[in-house]
Undergrad: 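First the structure, then my questions, so here it is.
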Amino acid sequence: MGATWACRKCTLINPSRLRKCSACQWSCPDSYRASLTAQASGVTKVGRAKGPANPSAARRHGKPFDGIEHSLRSALGPSATYDMAAWDIERTAALARTPMQRRAPSSASPHMPALPPADVKPVVVDGGRRTRLRLATAPPRCPTLSEPDSRHELEALHRAMANSRTHQRMLGPREMLMEAPSFFPTEEEFADPVGYLRQLTSAAENYGICRVVPPARVRARAQGAAETEAVAAAVAQSPTVAAASAAADAALGPDSRPLDPSSRASMEAALAMLREDLAFSPRVVPLHRLQEGRPFEYRSPLSLTDFYVQALQFEQDCGGWSVDPAANDQRERDFWRSVATGEPAREVLYGADLDSHEVAGKSEGGRLKHAWGGWDLHTLPQLEGTVLPPSVCAGISGVTTPWAYIGMQYGCFAWHVEDLWLYSVNQLHAGAPKRWYGVPAKSADHFERESRNLVPGVFDRSPDLLSQIVTMVPPAELAASGVHVYTCEQEAGDIIITFPRAFHAGLSHGFNVAEAVNLAPPDWIARGVTASAAARRIPRPPVFAIERLVWELAKGSVAAAPGDVHASIIATHLRSAFDRIVTEQLRLRDAVNRAGVVIFVDKAMLDTRPDDAGAAARAHGHERRRDGPWDEAELCDTCIACLHLCYFACVRCRSCPPAQGVICLSHDHTKLCQCPAAFKQLEVRHSAYTLGWMQRELKKVAEAANSVNRTG
């Protein structure tokens, strides 16, 4: 390993040939760059090193690694031999001179590898010269240095050595990952999406993600040529394919490398699904800067033909995807090398978060449908057995209304979890495969800690970075830190399921068309309440009001006919979450009253209803009349402190203008404004008596369902 320098901003170890840090782009100072020459010649002979006699002098003379080597030899003594690379010297010196307890890697400190045993003697050639130090045994614990500056330098070095694993393992992105499970449902199982998802949850949730191969897809693979001919006939009749293929042939020219016939047929099948006049603004994804946490930029609108031509040109430059798994594995390594080291610098385009209705061609009837059949993502989120009713969650783009994605080679989506920790269903309709990575919910906290350790400077600037979906961390680095990371490849026609709070990321191997939507079976309810509380701490606005959702579900369960199986299942999963929300709501209302906010306003009086409450509201000029159902913006005010959608209660100042907004009951009323408490009012929807009554009725329904299950 050649000469290196540690970035003083993010502590990443960089090769001397780089003038800027590959993670944060911090420039290497000329004075520090000049010391690299001294560093390279600091250790030249076996058992002897050049440089000053003590580490303080080494720092003054601009030779930091001479000082590290001096400290290492002083601590270990001049006996035995062990071959070490430069980064091993730095790491061992940091361990020997910091007050940390030395122990084997564990979940508490997985980032620092243990020292090699004395009988292992790996040989490392450093820039053509063999670097060797004489080590007797594992270094003893040394007292803390008395100089504060030295202590800080060693802590920074300790972090840099942990980050240097990027350069050691970036060549094998999947060797340390585990394979996610694949499932092959029967026709009967696949016909009931909600029931089948219930089976998958118990079998695959601990993996975070899983792959489902529809039975029609299995048949197509068995039929082979007959199915391929049917797809080819549909492609041949598509005007979109004809226009895009002609433009691509003209742009690439006759001297371009011909595409693999199978890959070209798959990409043309993807084209055939899209509108001929489609235009969209693709996201610009700089692969070499994906560890900087910067928001993505968007290109000016491109036609589908232009995007397809650019995708093929990029694939020609990078080798293109192939049906050969080994070739795709190599391109996957190239992708993560660019992400981890910043070399080579590449930018790709990704058509993300597109309205599915606006993307689909006329022959598709306004909906994307892959050739192998499958679940209709437009109706899936609100099937019977799910808990996202149209009265609360209708038409939420990307949640209950699917989004389409048009990818190209290396087009990727960064690590993230779904809004409110919902399930997600992802269909790859046609085109090149996608590579997925997933981290299960049980490892989510560990994932967040290690992500901050691997790119610390980025998270210092933006603590909520993972919610912005802009940062990629190599999965091999996470696995090396003890995080459970699973991976799978999604081919055309396959479905990927992600489970609640499962972090996931991925990349495309070429031009493709995909679609995704969220789903919420009854077992999600309790997790949704927890996710809403987590979103308030960031803060991050939720996609819908969880309080309103649980109220509507409780009301529907209580009003359902006796013996309604669906209502009984919802009541069973809803009971604990509803009790938690009601208990907390009543406690906060009492706390607000004790704080001096005693003016009480019933929010229901402000809603238009043909009853006495509505008449009272009209008499006071507070009526809000409309036709049709209420939406979230009309029924739920947004807390200015945590962005929570306040359905049950909020505090408003009567003396401030309406633009001042409201605050939820979790915060002190002084966070809203500095007006006295007497000027503020507590607005509530559903009194304590009503909430308590609903709580008791829901308990009866849940207990009745449990008794039926026990006797059945």
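Numbers here are sequence positions counted from 1.
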Undergrad: Write down the atom of H669, the atom of A595, and the distance for their closest heavy-atom approach.
TA: NE2-O, 4.1 Å

Undergrad: I would like to know whether E448 and F503 meet side-chain contact (heavy atoms from CB on, under 4.5 Å); could you show each step before the answer?
TA: CA-CA 9 Å; E448 293 182 2; F503 280 94; 3.5 Å; yes

Undergrad: Are R654 and E683 within salt-bridge range, i.e. N to O under 4.0 Å?
TA: no

Undergrad: Determine whether the side chains of Q695 and E697 contain a donor N or O and an acceptor N or O closer than 3.5 Å.
TA: no

Undergrad: Determine whether the aromatic ring centres of residues W375 and F190 are separated by less than 6.0 angstrom.
TA: yes

Undergrad: Might you point out which heavy atoms bring R589 and A688 nearest each other, and give the distance in Å?
TA: NH1-N, 3.8 Å

Undergrad: With respect to I497, which candidate in T201, L519, I209, L197 satisfies the side-chain contact (heavy atoms from CB on, under 4.5 Å) definition?
TA: L197

Undergrad: Search all heavy atoms of Q382 against all heavy atoms of A394 and return the closest pair with its distance.
TA: NE2-CA, 3.9 Å

Undergrad: Under 3.5 Å, is there a donor-acceptor pair between the side chain of K680 and the main chain of S655?
TA: no

Undergrad: Looking at every non-hydrogen atom in both residues, tell me the closest pair between G431 and A492 and how far apart they are.
TA: O-CB, 4.1 Å

Undergrad: Please confirm whether the backbone N or O of G506 pairs with a side-chain atom of K434, one donor and one acceptor, at under 3.5 Å?
TA: no

Undergrad: Give a yes-or-no answer on whether the side chains of E418 and H504 include a donor-acceptor pair shorter than 3.5 Å.
TA: yes

Undergrad: What is the minimum heavy-atom distance between H686 and D602, and which atoms define it?
TA: N-OD1, 4.5 Å

Undergrad: Please test Y405 against D353 for side chain to side chain donor-acceptor pair (under 3.5 Å), starting from the C-alpha separation and ending with a verdict.
TA: CA-CA 6 Å; Y405 300 86; D353 305 343; 3.2 Å; yes

Undergrad: Determine, using ring centers only, whether H484 and H446 are less than 6.0 Å apart.
TA: no

Undergrad: Would you please say whether a donor-acceptor pair under 3.5 Å links the side chains of S443 and D445?
TA: no

Undergrad: So which atom in A404 and which in V359 form the shortest heavy-atom distance, rounded to 0.1 Å?
TA: CB-CG2, 4.1 Å

Undergrad: Is it true that the side chains of S532 and R527 contain a donor and an acceptor less than 3.5 Å apart?
TA: no

Undergrad: Could K699 and D579 be called an ion pair, given the rule that one side-chain N must be under 4.0 Å from one carboxylate O?
TA: no

Undergrad: Between W415 and S451, is there a side-chain donor-acceptor contact under 3.5 Å, judged purely by atom types and distance?
TA: no

Undergrad: At what distance, to the nearest 0.5 angstrom, does CG of N426 lie from CD1 of I495?
TA: 9.5 Å

Undergrad: Distance-only, no hydrogens or angles: does the E703 side chain make a donor-acceptor pair with backbone N or O of K700 under 3.5 Å?
TA: no

Undergrad: Going by side-chain hydrogen bond (donor to acceptor under 3.5 Å, both in side chains), name the residues that satisfy it together with S508, two or more places apart in sequence or in a different chain.
TA: N512

Undergrad: Quick one: do R587 and E584 make a salt bridge, cutoff under 4.0 Å?
TA: yes

Undergrad: Assess the side chains of E547 and H644: does a donor N or O sit below 3.5 Å from an acceptor N or O?
TA: yes

Undergrad: For F499 and W524, I'd like to know if the aromatic rings sit close, meaning centre-to-centre distance below 6.0 Å.
TA: no

Undergrad: What side-chain donor-acceptor pairs closer than 3.5 Å can you find for residues 561-568, not counting sequence neighbours?
TA:
{"from": "D564", "atom 1": "OD1", "to": "H566", "atom 2": "N", "distance (Å)": "3.0"}
{"from": "D564", "atom 1": "OD1", "to": "A567", "atom 2": "N", "distance (Å)": "3.1"}
{"from": "S568", "atom 1": "OG", "to": "D564", "atom 2": "O", "distance (Å)": "2.9"}

Undergrad: For the pair D523 and R198, find out whether any cationic side-chain nitrogen is under 4.0 Å from an anionic carboxylate oxygen.
TA: no

Undergrad: Can you name the residues that form a ring-ring contact (aromatic ring centres under 6.0 Å, His included) with Y350, not counting sequence neighbours?
TA: none

